Amino acid sequence: MRNLQPTQPIGIFDSGVGGLTVARLIFSCFPAQEIIYFGDTAHVPYGSRSPQELIRFGDQIVSFLINLGVKIVIAACNTSSSVSLPFLQEKYDIPILGMVEPGVKAALQATRNKKVGVIATEATVNSGAYPRTMRFFDQEVEVFMQACPRFVPLVEAGKIKSPEARAAAAAYLKPLQKAKIDTLVLGCTHYPFLAPVIAEVLGPGVKLVDPAEETVKELATLLAEEEEAKNESTRPEHRFFASGAADSFYTIGRQFLGDLLFTVEQVSLNEEKKLPY
Ligand code: DGL
């Protein structure tokens, strides 16, 4: 493992704007820490992609971020965390953090009746990563998975409080209400954008868990020795990249992050490069 330098940026990636929900928490916890964010908007949504595609995208993005000098990568995407994280952690020698284990730990702390719902993309549900990890830590917990494929396009289009979002939430959450869950993991980084609508449908009896908080605690442990990351007097210039359309990314990002987001650079990663899988 390489030595982490305080001045090196942290890389964060997602299929689009979802990872900004993680980035925003990092900005507030580590105001002096420079971030390089990559939104793979050329390939969003990841939820309907195959494992091979997700591994290829993750590989290209991590390699791009490492070339820009990042010291840590956060796969701020549950789909990538569920499917490609083991490959990426094996291949690269810098720390790569994901969302699933943090989400599981936070849910197990929150639940009282041990009935936990997880809403996620189809690829995350199909991977089985959440129930597997949940049972690794607690054999007794019952996990109810629900794929919500309409959510990500709604968030990417900025329709977070629209009638469509409310209708989709009501339909997706019904089986979880029937199962009497007391805790719901927002198992996709796009979903915290919809948290108000989800909370309205479920009411106060169900606790919503955003894995980002636990992921940022893991990051805090890695950064613990770095005084510079905690120095609030310096305000770094973050960089944002999008592989596809940058305009809607900019509009939503700007609403969410304010003036922390100045510009979005469009970049296309080399699709032609043949990789061994
Ligand atoms: N935000 C990502 C996740 O956490 C990806 C969603 C998608 O592109 O389908 O799973």
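Both counts, for ligands and for their atoms, begin at 1 and track the order of listing. Keep in mind it's a predicted model, so treat the numbers as computed, not measured.
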(message) Strictly distance-based, threshold 3.5 Å: is any side-chain N or O of Ser81 a donor or acceptor partner for the main-chain N or O of Ala75?
(response) yes
(request) Using side chain to side chain contact (heavy atoms under 4.5 Å, CB included) as the criterion, point out the one residue from Val118, Val209, Leu173, Val116 that pairs with Leu184. (result) Leu173
(message) Looking at every heavy atom in both Thr189 and Ala76, which two are closest together, and how far apart are they?
(response) OG1-O, 2.8 Å
(message) Ignoring hydrogens, what is the shortest heavy-atom contact between Ala107 and Val185? Give both atom names and the distance.
(response) CB-CG2, 3.5 Å
(message) On a heavy-atom basis, I'd like to know which of Ser82, Gly47, Ser80 is closest to atom 9 (O) of ligand 1.
(response) Gly47
(message) Looking only at side-chain N and O atoms, does Asp59 offer a donor or acceptor that is under 3.5 Å from a partner on Tyr92?
(response) yes
(request) State the atoms of ligand 1, each with its element, that fall below the 4.0 Å cut-off from a heavy-atom position in Val44. (result) 8 (O)
(request) Below 4.0 angstrom from a heavy atom of Cys77, which ligand 1 atoms are there? Numbered from 1 as shown, please. (result) 2 (C), 3 (C), 4 (O), 5 (C), 10 (O)
(message) For atom 2 (C) of ligand 1, what is the closest protein heavy atom, and at what distance to 0.1 Å?
(response) Asp14 OD1, 3.1 Å
(request) For Val152, counting its heavy atoms only, list the atoms of ligand 1 lying under 4.0 Å from any of them. (result) 6 (C), 7 (C), 8 (O), 9 (O)
(request) Quick one: look at Asn78 and ligand 1, take heavy-atom pairs under 4.0 Å, and tell me if it's side chain, backbone, both or neither. (result) both
(request) For atom 7 (C) of ligand 1, find the nearest protein heavy atom and state the residue, atom name and distance (0.1 Å precision). (result) Tyr46 N, 3.2 Å
(request) Give the residue, atom name and distance (to 0.1 Å) of the protein heavy atom nearest atom 5 (C) of ligand 1. (result) Ser15 OG, 3.4 Å
(request) Classify the ring geometry between Phe256 and Phe193 as parallel (under 30°), tilted (30 to 60°) or perpendicular (over 60°). (result) tilted
(request) Name the closest protein heavy atom to atom 10 (O) of ligand 1, giving the residue it belongs to and the distance to 0.1 Å. (result) Thr79 OG1, 2.5 Å
(request) Taking only Lys NZ, Arg NE, NH1 and NH2, and the carboxylate oxygens of Asp or Glu, determine whether Arg166 and Glu200 approach each other closer than 4.0 Å. (result) yes
